[in-house]
Chemist: 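Got a structure for you, questions after.
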Amino acid sequence: MSKSLKMIIEALLYAAEKPLSAKEIHIVLPDANVSEIKGTLEVLRQEYESLERSFILKEVASGYQFRSRSEYAPYIMKMLQKSPSRLSRAAMETLAIIAYKQPILRHEIERFRGVDVGGILRTLLEKGLIKIMGRKDLPGRPLIYGTSKRFLEVFDLKSISDLPRLKEIKAFGADEHMPLFQLEEDSPGLGQGEARPIDDETRPLHTQAPEEALEEAIIEGNRPAED
Amino acid sequence: MAHPEENEIIERKHPPDPTDYEVKLEIFQGPMELLLHLIRKNEVDIFDIPIATITDQYLAYLDLMKILNINVAGDFLVMASTLLHIKSRLLIPGSDEEGDGEDPREELTRPLLEYLRLKEAAGELLDRELLDRDVFAHQLSADFKRQLEGEDSFLEVNLFQLLDAFRTMVEQRLPGTPLILAAEQYSLEEKTAYILESLKTRGVIYFQELFAEDRTISEFIITFLAILELAHSGLLRIFQNDPEKDIQLEALFEDSGDSRHV
């Protein structure tokens, strides 16, 4: 019985277009309880991992999905004869603000970035990476934005609480250690390749507002998984 | 998986040259970016910003943008006033009634640091194993499929680019005061039908072509509104093959001879 359950779940995962959650599988298999399904999914995941195939069963966006391993991306890209267009830096920053500060209003996003984000919000909505969570009870009833389940799928996150923590900025400008900005730096004067090793662990982790904001998002029943 | 953004590549191609503004202005997406650029350029510490210097340079950039006829967004002006306000508070010792001994520059540093943290977070997100870039599922996403079906890697044109193209064209074609001929006035519906008909027969059309027969500013505007209307209804797509090339419009409906309702 347990073996056939495993096989059925495997077949469902194989045929699914989206990551499948234990709850969704439970709808197909009402006789199996959710925790039994969860356990089986985990067994399958480990089996595929140990098989060392070119694809794995990935836990993502509150579900499981077969995905190729990243080292085969160049071949797949070549077969598809295309590389996907990337989000612009502005769009990516806006997306990060929404991800970390959701639920968030447009003017709040604009306060973080200092510029209008109307066009970018539209692009992100079209790409399905963000969604409108409702309207705020304020004059003008402004729209509330948050990230979608699709965002979790694309960015390889199990849930929104799986987001990497925001890091404290210790130096910028005169005494930069930040790799991100050394990349941007066009510094012939510094060009002696003294790229300092960056030790993430030495940077204190941040513990405040964002987590609260995220909790709020979940409390409001907008769990991204339940799209 | 590094993600050097195009803008930064442009910046690197052009070594720091205080007069090389044309290129650099492109990359400032807003007042925060401009401020960070000035902090980095002056090699000053973000925790100890020399407000007078940075304010002067910031305002000089704004002047330049005006001279170059770049539309200075209100956001830039808001930041300018914040800078001037901080500068004045620093100039008058002991007059700091608003704060409780807090450094007035905090008002600037705090949002800048928050912005930097979010920028870094954005970079980290891009370093993850992204779907349809690093890893692939059975089904390609609808978004990616659409890209694959495209014949070329198009840049979608945003409203501002379209407005710019429109403004430039009107200025070229109708220099000075628009002369108003007693030409027949098209209605928006007629113009929409005309554009649809042209798209149906040709598939892809250059933006400028659609204005070929327009003579008055109101005709230009009606044509422009018709294009926006069709784009809004999802009947056409507006794109460029290259930022330097002319904007093109493409029909997104099947040419089956049926009269589509708009």
Side-chain angles (χ1 to χ4, degrees), chain A residues 14 16-17 58 65-70 72-73 76 80-90 92-93 95-97 99-101 110-116 119 123 127-128 150 153-157 163-164 166-169 171-176 178 180-181 183-186 188 206, chain B residues 2-5 7-8 11-12 14-16 29-33 36 39-40 42-49 73 75 79 111-126 128-144 147-148 153 156 158-160:
Chain A
Y14 175 79
E17 285 185 28
K58 182 89 189 171
Q65 184 177 43
F66 286 117
R67 289 188 171 186
S68 63
R69 289 183 192 265
S70 59
Y72 302 101
I76 297 171
L80 299 171
Q81 298 184 327
K82 265 293 189 317
S83 58
S85 72
R86 293 174 316 187
L87 287 173
S88 70
R89 183 173 65 172
M92 202 51 225
E93 282 173 22
L95 184 58
I97 291 168
Y100 280 91
K101 306 292 182 183
E110 288 172 345
R111 209 176 50 215
F112 280 114
R113 287 200 66 232
V115 286
D116 181 276
T123 305
K127 288 192 173 288
R150 171 99 195 123
E153 286 176 38
V154 170
F155 287 91
D156 185 22
L157 297 161
L163 274 172
L166 285 176
K167 295 197 175 74
E168 209 63 70
I169 303 294
F172 178 83
D175 185 26
E176 285 178 41
M178 309 287 303
L180 198 65
F181 306 107
L183 268 181
E184 291 184 359
E185 190 67 69
D186 181 12
H206 180 71
Chain B
H3 44 89
E5 297 288 341
N7 286 337
E8 289 153 17
E11 192 180 17
R12 247 175 284 140
H14 297 263
Q29 295 171 334
M32 304 283 250
E33 288 290 332
L36 291 177
I39 289 168
R40 200 181 298 135
N42 288 286
E43 295 184 11
V44 296
D45 187 346
I46 195 168
F47 295 101
D48 187 19
I49 300 171
D75 313 306
M79 180 62 86
L112 277 176
L113 287 173
E114 190 65 15
Y115 179 61
L116 281 173
R117 298 171 71 205
L118 287 159
K119 260 171 85 87
E120 165 131 326
E124 270 189 48
L125 281 175
L126 275 177
R128 300 180 68 83
E129 296 203 330
L130 299 197
L131 188 64
D132 291 342
R133 185 190 74 179
D134 307 308
V135 298
F136 295 83
H138 269 178
Q139 313 269 341
L140 294 173
S141 73
D143 187 44
F144 192 25
Q147 289 174 39
L148 289 175
S153 59
E156 297 292 331
N158 70 31
L159 180 61
F160 298 111

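Convention: sequence-line order gives letters A, B, ...; per-chain numbering from 1.
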Chemist: Which atoms form the tightest heavy-atom contact between A/Q65 and B/A137, and what is the distance?
Modeler: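 Taking A/Q65 first and B/A137 second, the nearest heavy atoms are NE2-CB, 3.4 Å.
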Chemist: CG/B/L126 to CZ/A/F155 distance, rounded to the nearest 0.5 angstrom?
Modeler: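 Output value for this atom pair is 6.0 Å.
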Chemist: Determine whether B/L112 and A/F172 make a side-chain contact, defined as any pair of heavy atoms from C-beta on separated by less than 4.5 Å.
Modeler: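 The answer is no; the side chains never approach within 4.5 Å.
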Chemist: Determine the minimum heavy-atom distance between A/V115 and B/G30, stating which atoms define it.
Modeler: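 Between these two residues, the closest heavy atoms are CG1-CA, 3.0 Å.
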Chemist: When rounded to the nearest 0.5 angstrom, what is the spacing between CG in A/L163 and CZ in B/R128?
Modeler: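 Rounded to the nearest 0.5 Å, the CG-CZ separation comes out at 7.5 Å.
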Chemist: Do A/K101 and B/L118 come close enough that some side-chain heavy atom pair is under 4.5 Å?
Modeler: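 In contact.
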Chemist: Measure the shortest side-chain to side-chain distance between B/E33 and A/E93 over non-hydrogen atoms and say whether it is less than 4.5 angstrom.
Modeler: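 Of all side-chain heavy-atom pairs linking A/E93 with B/E33, at least one is under 4.5 Å.
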Chemist: Does any part of the side chain of A/E168, heavy atoms only, come nearer than 4.5 Å to the side chain of B/R117, both counted from C-beta?
Modeler: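 Yes, at least one pair of side-chain atoms sits under 4.5 Å.
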Chemist: With chain B as the partner, which of A/Y14, A/Y72, A/F66 has the greatest number of non-hydrogen pairs under 4.5 Å?
Modeler: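 Maximum pair count with chain B is reached by A/Y14.
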Chemist: Could you grab the distance from atom CD1 of A/I169 to atom CD1 of B/I46, nearest 0.5 Å is fine?
Modeler: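 So the gap between those two atoms works out to 8.0 Å.
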Chemist: Report the distance from atom CD of B/E120 to atom CG of A/L166, rounding to the nearest 0.5 Å.
Modeler: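 The CD atom of B/E120 sits 9.0 Å away from the CG atom of A/L166.
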Chemist: Whether B/E129 and A/R67 form a salt bridge (side-chain N of Lys/Arg under 4.0 Å from carboxylate O of Asp/Glu) is what I want to check.
Modeler: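 No.
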Chemist: Ignoring hydrogens, what is the shortest heavy-atom contact between A/Y100 and B/A121? Give both atom names and the distance.
Modeler: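 So the two residues come closest at CE1-CB, 3.5 Å.
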Chemist: How long is the straight-line distance from CG of B/D75 back to CD of A/E110, given to the nearest 0.5 Å?
Modeler: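 If I round to the nearest 0.5 Å, the distance is 7.0 Å.
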Chemist: Less than 4.5 Å apart, side chain to side chain, heavy atoms only: is that true for A/R150 and B/L131?
Modeler: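 Side-chain contact under 4.5 Å: yes.
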Chemist: Residues two or more places apart in sequence or in another chain: which of them pass ring-ring contact (aromatic ring centres under 6.0 Å, His included) with A/F112?
Modeler: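 A/F112 satisfies ring-ring contact (aromatic ring centres under 6.0 Å, His included) with no residue once adjacent residues are dropped.
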